[in-house]
Amino acid sequence: MQRRTILKAGLGLASLPLLPRLAFAADQKPVTFWYESASPENQDNLKNLLVDPFNAAHPEELLSIDFRGSDLDKQLRVAMLSGTGPDVVFTAGPSYVAAMAQAGQLLPLDDYAKKYGWNERLLPLFLDLGRYEGKLYALAKTYETLGLFYNKTLFAKNNWKAPTTIAELEALADEMKGKGLVPFGAGNADWRPANEWHVSIAINSVAGPENVYKALTGAIQWTDPAFVAAIDKLAEWWDKGYFGENYFSLTLEQSFAQIATGQAGMAPTGTWSFTNIKPYFPDNNAEPGFVGFPSASGDPIFPLGIGSTLSVNAKSENPDGAAAVLDYMFQDDFYSKMNSVWQGEWNLPLVDLSKVKLSDKVLPLYTEAMKELSAAVGAGKYGYTTWTFLPPATDTYLVSGMEEVWLKKTSSTDFLKKLDETFKQEKDAGKVPAIPPRA
């Protein structure tokens, strides 16, 4: 979740472990796990569904979680460079894994995968995304997609239908503007990389997933006319006011809340935003909707993303304990319990979900969206999110460079030229994440 949102309730709790690191018996081996931000409710969920039951089932181990908040990436980089850090390593995606594996900071997991049966239990595509130079270094904690949330109640009132093509999307956005609504409920005040959600949407929905795949594998350049058209389109949406006047001052939560209140019509965002439905939609007597993002062809686009990954520190004093924690999480029972209380963050890539039983309190819309994403992945009909498939420096530039395009400080062509140059440098340095062949 780190590349997406910072939960306000989790700030200020960054260094509070669920269990004191020194509170273990002499015959117990500590397993440390640094996590990002989590609300008090979800900290309790991690304690009740992971820490306590794992420790009960493994009396020789003592798992503890430290919540590091928005500084997790920075703290982790410093610790890993010095040869310390947590036993269980949480990263923001495959692009981080490649660099850390290259630096020898992560332990290959192939022997554990064989021991625990991960190769049979997890979807092959996500195992491939956790590999570097043929070895497995990371497991995907959650997979996700970008799409279009909307207020079904508002749509019914205005006789609107969820758009399926870019032309329909623009016509609807123009009509919303005419009624005084903000077409896209969006903001980046608390998470600047929200910019790349919109870039990911544009390059997949306008240029198309096949062209994105070609660029990622080096078959075409990022300066290809298809990408120029995509960034030009995103700039056009900005110029037409689709993102509203307060994009840079609204937080992610505030901007999403606009959909529930009817101030904005649609939210181009990811499945992690299912966590914000419960706090806002019921209180506003509104029903949420979610569809794959419209495309030029009319086929819904589901850009595939890995929200975060889990690895084992190469310098861990207890790698077996850390691997046991990973195995505990990648089970039907844990999937069922955690997704019943915390949707959008624990969509573990299990092959078989037939034994998964979610609470009847889980929004059916969430279950339907995850099924659609799973089907798209299985059929090879998925797109690519930038934070999952671009190497780190390229992705970092993309976030700031898109703002420069929006603010007329650079052109789409020059933005893509610099993006392409940065990508080539990282590709030559072996820092591009694994790109599995398309089905």
Side-chain angles (χ1 to χ4, degrees), residues 1-26 28-93 96-97 100 105-107 109 137-142 190-191 272 275 307-330 334 338 341-342 345-346 348:
M1 184 190 71
Q2 201 160 18
R3 74 272 169 261
R4 303 184 311 267
T5 183
I6 300 172
L7 298 178
K8 293 185 294 183
L11 299 180
L13 299 173
S15 341
L16 295 179
L18 287 177
L19 290 173
R21 290 187 61 179
L22 300 179
F24 55 89
Q28 285 183 303
K29 294 174 288 186
V31 183
T32 56
F33 181 7
W34 292 1
Y35 201 81
E36 52 182 353
S37 299
S39 67
E41 178 184 2
N42 286 327
Q43 290 189 37
D44 286 342
N45 288 330
L46 283 168
K47 178 181 186 299
N48 296 331
L49 300 180
L50 176 59
V51 175
D52 289 351
F54 174 83
N55 288 334
H58 300 79
E60 72 283 6
E61 314 286 357
L62 190 68
L63 171 64
S64 63
I65 298 182
D66 287 353
F67 293 96
R68 299 289 173 134
S70 60
D71 289 332
L72 174 61
D73 279 347
K74 184 188 301 182
Q75 294 177 10
L76 188 62
R77 281 197 297 270
V78 172
M80 299 295 276
L81 283 171
S82 67
T84 59
D87 300 298
V88 177
V89 178
F90 178 112
T91 83
Y96 292 81
V97 171
M100 295 172 78
Q105 297 170 347
L106 301 179
L107 189 71
L109 301 176
Y137 287 95
L139 304 181
K141 168 181 167 284
T142 185
D190 58 343
W191 185 242
W272 52 85
T275 60
S308 48
T309 67
L310 299 168
S311 302
V312 175
N313 193 332
K315 302 296 184 181
S316 171
E317 295 183 2
N318 187 12
D320 290 348
V325 172
L326 300 189
D327 186 64
Y328 188 88
M329 288 187 278
F330 289 85
F334 181 79
M338 187 59 86
V341 297
W342 191 354
E345 286 298 330
W346 291 91
L348 302 162

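FYI, the numbering just counts along the sequence from 1. Just so it is clear, the structure is predicted and the values come from calculations on it, not from any experiment.
- Residues Tyr96 and Thr309 form no side-chain contact, since every pair of their non-hydrogen atoms from C-beta on lies 4.5 Å or further apart.
- We find the CG-CD distance between Asp66 and Gln75 to be 9.5 Å, quoted to the nearest 0.5 Å.
- Using a 4.5 Å heavy-atom cutoff, the side chains of Trp346 and Met329 are in contact.
- With rounding to the nearest 0.5 angstrom, the CG atom of Asn313 is 8.5 Å from the CG atom of Leu107.
- Screening residues 307-329 for ring-ring contact (aromatic ring centres under 6.0 Å, His included) gives Phe54-Tyr328 as the qualifying pairs, with residues at least two apart or on separate chains.
- Looking at Thr32 and Ser316, their side chains never come closer than 4.5 Å, going by heavy atoms from C-beta outward.
- Between Met100 and Val89, the shortest heavy-atom contact is CE-CG1, 3.8 Å.
- Minimum heavy-atom separation, Pro86 to Leu76: CD-CD1, 3.7 Å.
- With rounding to the nearest 0.5 Å, the separation of OG1 in Thr91 from CG in Leu72 is 9.0 Å.
- Side-chain atoms of Leu81 and Gln105, non-hydrogen and from C-beta on, do get closer than 4.5 Å to each other.
- Between Lys29 and Glu317 there is no salt bridge, since none of the side-chain N atoms of the basic residue sits less than 4.0 Å from a carboxylate O of the acidic one.
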### Task
Quick one: do Trp342 and Leu49 satisfy side-chain contact (heavy atoms from CB on, under 4.5 Å)? Show the steps, please.
CA-CA 11 Å; Trp342 191 354; Leu49 300 180; over 6 Å; no
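- Here Phe330 contributes atom CZ and Leu348 contributes atom CG; the two are 5.0 Å apart, rounded to the nearest 0.5 Å.
- Between Glu61 and Asn55, the closest heavy-atom pair is O-OD1, 3.7 Å.
- Between Phe33 and Val51, the closest side-chain pair of non-hydrogen atoms is not below 4.5 Å.
- Here the side chains of Asp73 and Glu36 are not in contact, with every heavy-atom distance at 4.5 Å or above.
- Pairing each heavy atom of Phe90 with each of Trp34, the nearest pair is CB-O, 3.4 Å.
- With sequence neighbours excluded, the residues satisfying side chain to side chain contact (heavy atoms under 4.5 Å, CB included) with Glu41 are Ser39, Asn45.
- Counting heavy atoms from C-beta on, the side chains of Glu345 and Lys141 come closer than 4.5 Å.
- Of all non-hydrogen atoms in Pro53 and Lys47, the two that sit nearest each other are CD-O, 3.8 Å.
- Atom OG of residue Ser308 and atom CH2 of residue Trp272 lie 11.5 Å apart, to the nearest 0.5 angstrom.
- Of all heavy-atom pairs spanning Pro30 and Asp87, the tightest one is O-OD2, 3.7 Å.
- Here the side chains of Tyr137 and Leu109 are not in contact, with every heavy-atom distance at 4.5 Å or above.
- Separating the CG atom in Leu139 from the CG atom in Leu326 is a distance of 5.5 Å, to the nearest 0.5 Å.
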